[in-house]
Amino acid sequence: MLDYTALWYGESVMSVSPDPELIDQAVAALRRGELVGMPTETVYGLAADARNASALRKVFALKQRPIDHPLIVHLPSADHLRLWADEVSETAWTLAKEFWPGPLTMILRCAAGVPSEVTGGQETIGLRVPAHPVALALLRAFDGGLAAPSANRFGRISPTRAADVSAEFGEALPLVLDGGPCTVGIESTIVDLSMDAPSILRPGMIRAAQIEAVIGPLAKASVYPRPRVSGSMDRHYAPVTPLLRVDRTTLEEIAGRDEQVRVLALGTPPLGTQGLGLPEQPELYARGLYAALRELDQHRARQLLVEEPPDSPEWLAVLDRLQRAAAGSGEESEPHG
Ligand code: TXA
Ligand code: MG
């Protein structure tokens with residue numbers, strides 16, 4: 001069995017240990033029906049008691065998220081699956097055993113009595129056990145499920161640092177637990193187990209091939225009528241600066257000539273251009289992507305040119321986020337939805 005916690009945590013990040021006093025404060029706030037900024041290994045979440053309908057409505061209000069978009073419930077361990085899912089198949093147990101704690105969300109048929117705010121009125125529920133020491137400490141102390149969408153305003157870039165969460169919500173969210181920079185950096189892989197054949201609804205750093213190695217072939221998602229997934233909208237994860245995906249040559253040609261352009265390069269940015277570079281390994285690129293987009297978006301440049309990563313399975317999740325970021329970019333107001 002692979003240990004995803006170990007795989008994705010550099011030693012420095014493993015040393016982020018939960019502060020018991022802050023965990024107590026956070027649990028008390030959650031029990032009062034308040035929201036808490038929670039680090040996970042993927043992105044920061046905006047956490048609420050998943051059994052408390054009025055707390056859940058605060059999540060939608062703060063995020064400005066449409067009420068019918070379902071939330072992922074974070075659990076302290078796979079033992080809690082039975083409390084939230086109606087039928088837990090062999091396949092679900094197998095995936096939980098292999099990938100939890102870790103960046104994998106499973107969609108299962110929902111148990112009775114879960115607030116409709118969590119499910120968006122659907123018969124399914126998204127569940128995951130995050131691999132972050134602070135999240136796990138919080139979940140264990142709370143001893144229940146925490147609904148947590150990414151802690152950003154609807155349609156915008158997910159936060160991967162505590163400061164990004166505070167920048168997003170300010171005083172409206174007084175308690176943000178700082179768990180350091182997220183080590184995965186993009187949202188979890190979502191696998192739908194509520195249909196006859198499992199399929200991937202949202203690509204993430206756990207790839208299809210890794211899932212297929214454990215549970216066999218996945219179906220193509222488009223074969224079935226899919227449940228609603230806000231991350232599946234064309235526009236999402238978007239900077240305000242218009243974002244264009246280009247190859248290296250175009251990047252060099254345009255960015256070298258135009259001072260109003262910023263670049264996000266693969267590796268070192270070309271000489272004479274202004275911007276940032278991210279490592280050419282998909283894991284490291286994903287880890288830095290959202291922080292880089294936030295940083296580059298600050299300049300309010302005329303255009304943000306992003307060098308296109310290779311079109312291969314290891315890059316699929318990154319390419320997915322870049323595509324949505326491009327589609328939703330260039331709008332000061334909320335994107336569609
Ligand atoms: O990595 C992650 O998954 C992060 C961290 C905080 O755990 N969370 C996250 O949440 O990305 P959010 O709400 O930004 O995206 C969750 C996605 C949404 O697209 C939502 O529609 C989908 O999961 N989802 C949740 N429950 C679902 C369900 N029952 N059926 C289909 N999609 C569901
Ligand atoms: Mg999100």
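These numbers come from a predicted model, not from an experiment. Order of listing sets the numbers, starting from 1, for every ligand and every atom in it.
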In terms of heavy-atom contacts, does CZ of Arg31 have more than 12 from other residues, nucleotides or ligands at under 6.0 Å?
-> yes

When you check the gap from the basic side-chain N to the acidic O, do Arg248 and Glu252 get nearer than 4.0 Å?
-> yes

Pick one of side chain, backbone, both or neither for how Glu187 approaches ligand 1, counting any non-hydrogen atom pair under 4.0 Å.
-> both

Heteroatom distance test (His74, ligand 1): nitrogen or oxygen, under 3.5 angstrom = yes

Within 45° of the axis and under 6.0 Å from the centre of the six-membered ring of Tyr44, does NZ or CZ of Arg161 qualify?
-> no

Ignoring hydrogens, just give me the one of Pro66, Cys110, Ser150 whose non-hydrogen atom is nearest atom 14 (O) of ligand 1.
-> Ser150

A student checking ligand 1 against Leu71 at a 4.0 Å heavy-atom cut-off should list atoms 25 (C), 26 (N)

Verify the distance criterion only: is there a donor paired with an acceptor across the side chains of Thr42 and Ser188 at less than 3.5 Å?
-> no

Counting N and O atoms only, with roles assigned by atom type, does the side chain of Asp68 sit under 3.5 Å from a partner on the main chain of Gly120, one being a donor and the other an acceptor?
-> no

Ile107 heavy atoms within 4.0 Å reach ligand 1 at atoms 27 (C), 28 (C), 30 (N), 31 (C), 32 (N), 33 (C)

Look at the N, O or S atoms of Ser150, main chain and side chain alike, and state whether any lies under 2.8 Å from the Mg ion (ligand 2).
-> yes

Would one find an N or O of Tyr44, backbone or side chain, under 3.5 Å from an N or O of ligand 1?
-> no

State the atoms of ligand 1, each with its element, that fall below the 4.0 Å cut-off from a heavy-atom position in Gly126.
-> 26 (N), 29 (N)

Between Arg65 and ligand 1, which part of the residue brings a heavy atom under 4.0 Å of the ligand: side chain, backbone, both or neither?
-> side chain

For Ile125, the ligand 1 atoms whose distance to one of its heavy atoms is below 4.0 Å | 29 (N)

In terms of side-chain geometry, is the basic nitrogen of Arg262 or Glu295 positioned less than 4.0 Å from the acidic oxygen of its partner?
-> no

Kindly confirm or rule out an N or O of Thr42 lying under 3.5 angstrom from an N or O of ligand 1.
-> yes

Can Ala148 be said to touch ligand 1, with heavy atoms closer than 4.0 Å?
-> yes

Using a side-chain heavy atom cutoff under 4.5 Å and only I, L, V, M, F, W and Y, what cluster partners does Val263 have?
-> Leu244, Val246, Leu251, Ile254, Val261, Leu305

Any heavy atom of Met38 sitting closer than 4.0 Å to ligand 1?
-> no

Which atoms from ligand 1 have a heavy atom of Ile190 less than 4.0 Å away?
-> 17 (C), 22 (C), 23 (O)

Shared-cluster residues of Leu284, by chain and number - hydrophobic side chains joined below 4.5 Å = none

Provide the number and element of each atom of ligand 1 under 4.0 Å from a heavy atom of Ser188.
-> 1 (O), 2 (C), 3 (O)

Should one rank Pro70, Gly45, Ala135 by closest heavy-atom distance to atom 33 (C) of ligand 1, which comes out on top?
-> Pro70

Tyr285 and Glu314 side chains, donor-acceptor separation under 3.5 Å | no

Under 4.0 Å to a heavy atom of Thr124 - the qualifying atoms of ligand 1, by number = 28 (C), 29 (N), 30 (N)

Any N or O of Thr40 that comes nearer than 3.5 Å to an N or O of ligand 1?
-> no

Around Glu212, counting heavy atoms of other residues, nucleotides and ligands shown, do more than 12 lie under 6.0 Å from its CD?
-> yes

At a 4.0 Å cut-off, with the gap strictly under it, does some heavy atom of Thr119 reach an atom of ligand 1?
-> no

Below 4.0 angstrom, N of the basic side chain to O of the carboxylate: do Arg128 and Glu187 qualify?
-> no

Could you tell me the separation between the CD atom of Gln210 and the CE atom of Met205, rounded to the nearest 0.5 Å?
-> 8.5 Å

